[in-house]
Amino acid sequence: MAGPPGVLQVWNQTEPEPAAHSPLSLCFLRTAGVWLPPMYLWVLGPIYLLHIHRHGRGYLRMSPLFKVKMVLGFALMLLCAFNVALPLWKIQQGTPQAPEFLIHPTVWLTTMGFAVFLIHMERKKGVRASGVMFGYWLLCCLLPATSTAQQASRGGFQSDPLSHLSTYLCLSLVVAQFVLSCLVDWPTFFPKDAQQPNPCPKAGASFPSRAMFWWISGLLWRGYRKPLGPKDFWSLEQGKSSEELVSRLEQEWRRSHRVAQRRTKVSKSKGRRGAEAAETEAAEKEALLQQEGSPRGPLLRAICRVFRSTFLLGTLSLVISDVFRFSVPKLLSLFLEFMDSPEAPAWKGPLLATLMFLAACLQTLFEQHFMYRVKVLQMRLRTAITGLVYRKVLALSSSARKASAVGDVVNLLSVDVPRLTESVLYLNSSWLLLLWICLCFAYLWQLLGPSSAYPSPSDLCCPLGFCLLRWPLIFSPFSASRGSQEEQMRQKDSRARLTSSVLRTMGTIKAHGWEEAFLEKILRIRGQELGALRTSTLLFSVSLVSFQVSTFLVALVVFAVHTLVAEENAMDAEKAFVTLTVLGILNKAQAFLPFSVHLLVQAWVSFNRLAAFLSLEEVDPSAEDVKAASLAAGKDCVAIHNGTFAWSREGPPCLHRISLTVPQGCLLAVVGPVGSGKSSLLSALLGELSTVEGSVSIKGPVAYVPQEAWVQNSSVVENVCFRQPLDLPWLDTVLEACALQPDVDSFPAGVHTRIGEQGMNLSGGQKQQLSLARAVYRKAAVYLLDDPLAALDAHVGQHVFTQVIGPGGLLQGTTRILVTHTHHVLPQADCIVVLAEGAIAEMGTYQELLRRKGALVALLEAARPRAGGAQGGRPHHGTVADTSSFLLNDRSVRSTPGGDATTSEGQMAVLQDDPERAGWPAAEDSMPKGRVKAAMYLTYLRAMGTPLCAYALFLFLCQQTASFCQGYWLSLWADDPIKAGRQEHTALRGGVFALLGCLQAIGLLASTAAVVLGGVRASRLLFRGLLWDVARSPIGFFERTPVGNLLNRFSKETDTVDVDIPDKARSLLISAFGLLEAGLALLSLSLYVATSCQLRRLDSASYSSVCSHVAETFQGSAVVRAFRAQGLFVAQSDALMDENQRVSFPRLVVDRWLAANMELLGNGLVLVAAMCAALSKAHLSAGIVGFSVSAALQVTQTLQWVVRNWTDLENSIMSVERVRDYARTAKEAPWRLPSCAGRPPWPRGGQIEFRNFGLRHRPELPLAVQGVSFKIHAGEKVSACPCTLGTLEEAGFSLHVPTGSCFYTLHLPTGLILPKSDLTQDFEAQGQAPGQKPAACPKRGLLTDSEWPLVGMSGDCSAWGTVEVLERSIRTRPWRRVLV
């Protein structure tokens, strides 16, 4: 840097040296170019070396790329060695040299050697593209570029050719290394991780591609050209599968839970020792104990331990992004200073514009990588918590299941888990907000504080005090909204619970004609939920507008205090627009404050609910001692020693002093009246009950048949095999013995036929047979059979008992414990146990108990009137002729030969070749392709109301017009001339500026409130339409549609319509009206939205499968535990979550691709605006330049938000699409005919007539009933058999449309499903034994004022005493109606 004093040798040799405080002199740039690359590499290099050493992926072969890198690296080392030797040679020749000419090349020589070593180690550890080396070579370009520009402008090649050649060669080599660092090397030769079938392209992407998310472009183009399928999605990374994530979280959670329990016990013991302390101190200790014993603490600590590294790394990226974020205002200040200074050198403007562009780009990249890491963390956290909830479902005790319905669990997964994971993004907002405030006021103090001749603290203290005073204005609405949030969640749970109960018992509800009553009750709860939602969202809008007003008022106070306190202060472009830029950064921080606090409040409520669910009581694994041992005949296989059991640890015992031993190969029958504890005894053997005292021991594998059959939404063969290997001969034997073979042969695809959600395609008897076949196929040592013959016809039950359960059946030689009400099978039992009031009344063989004339004889005596009444009992009213019976010919219920009865041979061949498509349709979600149709937007807008939509758009336009005028008015204020140290019209400028800000705030409040109210109205109408469409669907719709899909519509999609769509619409309107240049985003919009919409649909569909599987498992958790199949079901759940991750990961990467590239496009606008201003400096005022550049900086953020908000809105509108899916399904006939509205009830007398009746359940199926004709007159009491009565009931109650004509009403289902309703409104059946539910069903049916009461198979599941009372009531009641 030699030269005359005061003159710097730069491009222009005569240019004076800039002021000392200027950070942009060429001397500073050269110094930075010398020292920054070595400092960068020596700081990050060792850390990077340790990282690749611990996370090596194998090694790379010596590719041409690696060889060229090494050659260039050694060439640079030789060049640096030459630069060290050259000054030494000159010193030896007697020419003095400055020390830096020797120090700088030496530092670069050692650093280049370290860089070459890192390149070699990257190959050894399998690093194909390095971000550290990319950054190093980029920094290395700074010094040669500066020296080259300086030497080129100075000339003098003839005088010092070696120096010039060295500089040019160094620049060429460094640029070549930088270009090579942008490429990717060959794959690893022997990778440590297993080769994946469809690896993620990120692993093979170069560093620029990974930094800009360009590696997702292939998927974007595929999604733009064609619909995406499962083969388009990549395999998961090693160690990131659902099984591994859940196991880590579960392990940490259980460990934290144990530590918390130990601390609680220690604290309690200390509390007891200090009982003499003061009363206030004791209260504080008690509060502390409650806090430590809370289930929130262990779960929160477990989540932090598992995911803290990812979160901290993302936070580091965010901090670096903020460093570049706050460098932009400083660079803008220097740029406006350059524009306002005629003496500034011309090269300084383009340099500052370039630096602004680079700072904005680096801020964008680091911020988007923070978002990427957090979004990946959210995806994995959702996977881990979902798996934790699923494992909890499999372990819930019976008492805990009563406290949580299946709708509650679906709500946890559909609403609470997404809210909790979404809150992770906003956890940094609290401390970052304080940091941003401090930095912003430091900028303002530097910009405005010392500007006067006598600096006054009032320039900064007044705005700071105003900022502190405005926090109550922002936070007060949130303190009021928390109660509304909790009330909304309570009402949401109530609605979900009732909706789940209604959907699962729709057959019963339709048969009784209760649709309107239940719909009215659901809508009433929904109204209360929307009322709480309206209150909370309006309070959120008030807080948002409070923030907007307060931000504007801060700017107004800053400008007013600065210009009015001191006479010599004047407003210029630098002060005005740099202040606005700084306040814009503060505005962005505080813009997220109301939203983040809103989400954090919701997440805290959801987190409490999740923690409470995960802390529910579990089944005690030590309550049952199961040993897999083979026993000889006669040895005890099942033993209970003095056992006392209860349904919950705090509840009263339900079984008392049970002592029972069952030898190997014994058939034990358990009988007793309703509520005596028969099913509870089997639950105790399975470990489902809490053991108060005593012990239970079972030797050998167990198979269990529940009284209420549980089947899966899968094929027949999958239900029977139940995750066991397929053995076709044994399967055929089991189906034949369980009397299922004829039914299976009539199914469209045989054993591959899917049976629908909860077995909706099967009758009650077929479901019970399928449940029994599942147990028989198991080949277990112990069989626990809970009244499996109850739902079967007499001849089918006899066949099943003889071929399966009895002494000569398939289960002979195994231990069978049979709970039954069928007395004719008792003589074939080896031993009989009679229960009464939860205790064993007597036990022995059938003949022994008959001789004792005890409890068994009393039960048999109570059963005798059942046969007598049916054969010749004398009725009290009417004659014997009043009671008739008819038997349906078996030929009338079989399929007719011909094309209508069976499928074609070709169709059967297709079904057999493709079992996944076999059988009845399961009504999976039909997924639309491409983007959301405009009709969905119109549907939502019509639901909001056209006048309200137009009003909201007009208000948004008004507030944006006021915002634009406000910025332009400020530029005019900044350009006002200064006369005598002051600007004229300062009060007028400030007054108009304040008026425009107030108008903007009023318009924002009104427009936001309009969107909120319209969103609530649309939510109410769309939910009502969904509920109406589902309720009006025929019963076949519920047979084909999984309940999980319906519950997903009523939970997750409804929540999206309630919350997400109004919020996204508000954000989109604010961004769109703030960006007139939105046309630049159209290309990216069309490419991004097409793929994003498909990924949103696939993500929603895959998560719906997860929710359906959880709901199905919740219903059959006792069966799963009995078969010891928890591991297999957990593996299936993990597989479903992995499929969901495979879809979710591309979706979040696509979002980041959009954000990064759109912000870079906006940064390009900043560069163009600044360059144009710098080149046209003589023709532009500083105020106009400041207004244009600050507007371009706002476009950088707004451009991305326009496309992002539009896409988010389109993704959310898909919920409207899914809610409206069922509007196109077939509907039933009207519940009420308008022509009959004014007539009296019809008909006035009961009469039923079938004429040549035939019925098929769906058009593609064969006839289930054919050629049935009979007539039942008024007042007759009729019994019907065999099992076709259920089909006739469905036709009579219009649940299926028959092919003949009939008149029928009221239904009591064969399946005996009792919804939560008492005899008038709400009958709570959770605490009842299974045998008590059919006893309550006849009461409900007989108390209904109907012309045709019908009792369907109520006696088969009831105890003998209950049947006697029921039949006596039927015989003796003076009926004037038809009784079937």
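The side-chain hydrogen bond (donor to acceptor under 3.5 Å, both in side chains) test applied to Ser659 returns no partner, not counting sequence neighbours. Evaluation of the side-chain hydrogen bond (donor to acceptor under 3.5 Å, both in side chains) rule for Glu688 yields Arg1121 as partners, not counting sequence neighbours. Annotation: side-chain hydrogen bond (donor to acceptor under 3.5 Å, both in side chains) contacts of Thr644 (sequence neighbours excluded): Glu693. Looking at residues two or more places apart in sequence or on another chain, you find a side-chain contact (heavy atoms from CB on, under 4.5 Å) between Thr733 and Trp730, Leu810. Scanning for side-chain contact (heavy atoms from CB on, under 4.5 Å) contacts around Asp732 gives Gln741, with sequence neighbours left out. When the side-chain contact (heavy atoms from CB on, under 4.5 Å) test is applied to Ser397, the partners found at least two apart in sequence or on another chain are Ser399, Ala400, Glu617, Val619. Every side-chain contact (heavy atoms from CB on, under 4.5 Å) that Gln828 has, sequence neighbours left out, goes to Phe801, Pro807. Residues forming a side-chain hydrogen bond (donor to acceptor under 3.5 Å, both in side chains) with Thr1113 (at least two apart in sequence, or on another chain): Tyr390.
From Leu668, atom CG reaches atom CG of Asp830 across 9.0 Å, with rounding to the nearest 0.5 Å. One distance of note links OG of Ser683 with CG of Leu655; it measures 9.0 Å at 0.5 Å rounding. Interatomic distance, Cys831 SG to Leu826 CG, rounded to the nearest 0.5 Å: 11.5 Å. Within the model, atoms CG of Leu835 and CD1 of Ile658 stand 6.0 Å from one another, a figure rounded to the nearest 0.5 Å. With rounding to the nearest 0.5 angstrom, the CZ atom of Arg778 is 11.0 Å from the SG atom of Cys721. If you take OG on Ser714 and CZ on Arg754, they are separated by 6.0 Å, rounding to the nearest 0.5 Å.
Side-chain contact, Arg774 with Ser771: a donor N or O sits under 3.5 Å from an acceptor N or O.
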Residues 840-850 side chain polar contacts: donor-acceptor under 3.5 Å, at least two apart:
unit_1, atom_1, unit_2, atom_2, d
Glu842, OE2, Ala855, N, 3.0
Glu842, OE2, Leu856, N, 2.8
Thr845, OG1, Glu848, N, 3.3
Glu848, OE1, Thr845, N, 3.2

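With contacts defined as side-chain heavy-atom distances shorter than 4.5 Å, the pair Val670/Leu682 does not qualify. Residues Gln712 and Glu718 fail the side-chain proximity criterion, which asks for heavy atoms closer than 4.5 Å. With contacts defined as side-chain heavy-atom distances shorter than 4.5 Å, the pair Val833/Ile817 does not qualify. Residues Leu681 and Phe645 are not in side-chain contact: their nearest non-hydrogen atoms beyond the backbone lie 4.5 Å or more apart. Inter-residue side-chain proximity for Phe1123 and Gln724 is flagged as unmet; no heavy-atom pair is nearer than 4.5 Å. Taking 4.5 Å as the limit, some side-chain heavy atom of Ser679 sits within range of a side-chain heavy atom of Gln707. Side-chain contact between Tyr783 and Leu818 is absent, with no heavy-atom pair separated by less than 4.5 Å. Between Val720 and Leu770 the shortest side-chain heavy-atom distance falls below 4.5 Å.
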ask   = Run the side-chain contact (heavy atoms from CB on, under 4.5 Å) check on Val671 and His821 step by step: do they pass?
value = CA-CA 7 Å; Val671 297; His821 291 124; over 6 Å; no

inquiry  = Test side-chain contact (heavy atoms from CB on, under 4.5 Å) on Leu667 and Leu811; report intermediate values, then the result.
reply    = CA-CA 10 Å; Leu667 172 58; Leu811 301 184; over 6 Å; no

task = Apply side-chain contact (heavy atoms from CB on, under 4.5 Å) to Lys678 and Asp787, showing your working.
result = CA-CA 10 Å; Lys678 302 182 296 299; Asp787 209 0; over 6 Å; no

task = Determine, stepwise, if the pair Gln798 / His824 fulfils side-chain contact (heavy atoms from CB on, under 4.5 Å).
result = CA-CA 10 Å; Gln798 184 62 43; His824 64 82; 3.1 Å; yes

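Between Tyr704 and Ala1118, the shortest heavy-atom distance links the atoms CD2-O, 4.4 Å. The two residues Thr814 and Ala781 make their nearest non-hydrogen contact at CB-O, 3.7 Å. The minimum heavy-atom distance between Ala1122 and Leu686, with the atom names listed, is CB-CD2, 3.6 Å. Listed here is the closest heavy atom pair of Val1119 and Pro706: CG2-CG, 3.8 Å. Here the shortest heavy-atom pairing between Val825 and Thr822 reads CG2-O, 3.1 Å. The two residues Val705 and Pro788 come nearest to each other via the heavy atoms CG1-CB, 4.1 Å.
Side chain of Lys699 to main chain of Val782: no donor-acceptor pair is present (N/O by atom type, distance under 3.5 Å, no hydrogens or angles). Under a 3.5 Å cut-off, the side chain of Gln664 and the backbone N or O of Gly813 do form a donor-acceptor pair. Panel note: side chain Trp710, backbone Ser1117; no donor-acceptor pair is recorded below 3.5 Å. A donor-acceptor distance shorter than 3.5 angstrom exists from the side chain of Gln769 to the backbone of Ala739, with no hydrogens or angles considered. Checking side-chain atoms of Arg401 against main-chain N and O of Phe1114 turns up a donor-acceptor pair under 3.5 Å. For Thr753 (side chain) and Gly750 (main-chain N/O), a donor-acceptor pair under 3.5 Å exists by modelled atom type.
The residue from Leu740, Val734, Val800 that alone fulfils the side chain to side chain contact (heavy atoms under 4.5 Å, CB included) condition with Leu772 is Val800.
The environment of Arg657 atom CZ is sparse: at most 12 non-hydrogen atoms of other residues, nucleotides or ligands sit within 6.0 angstrom.
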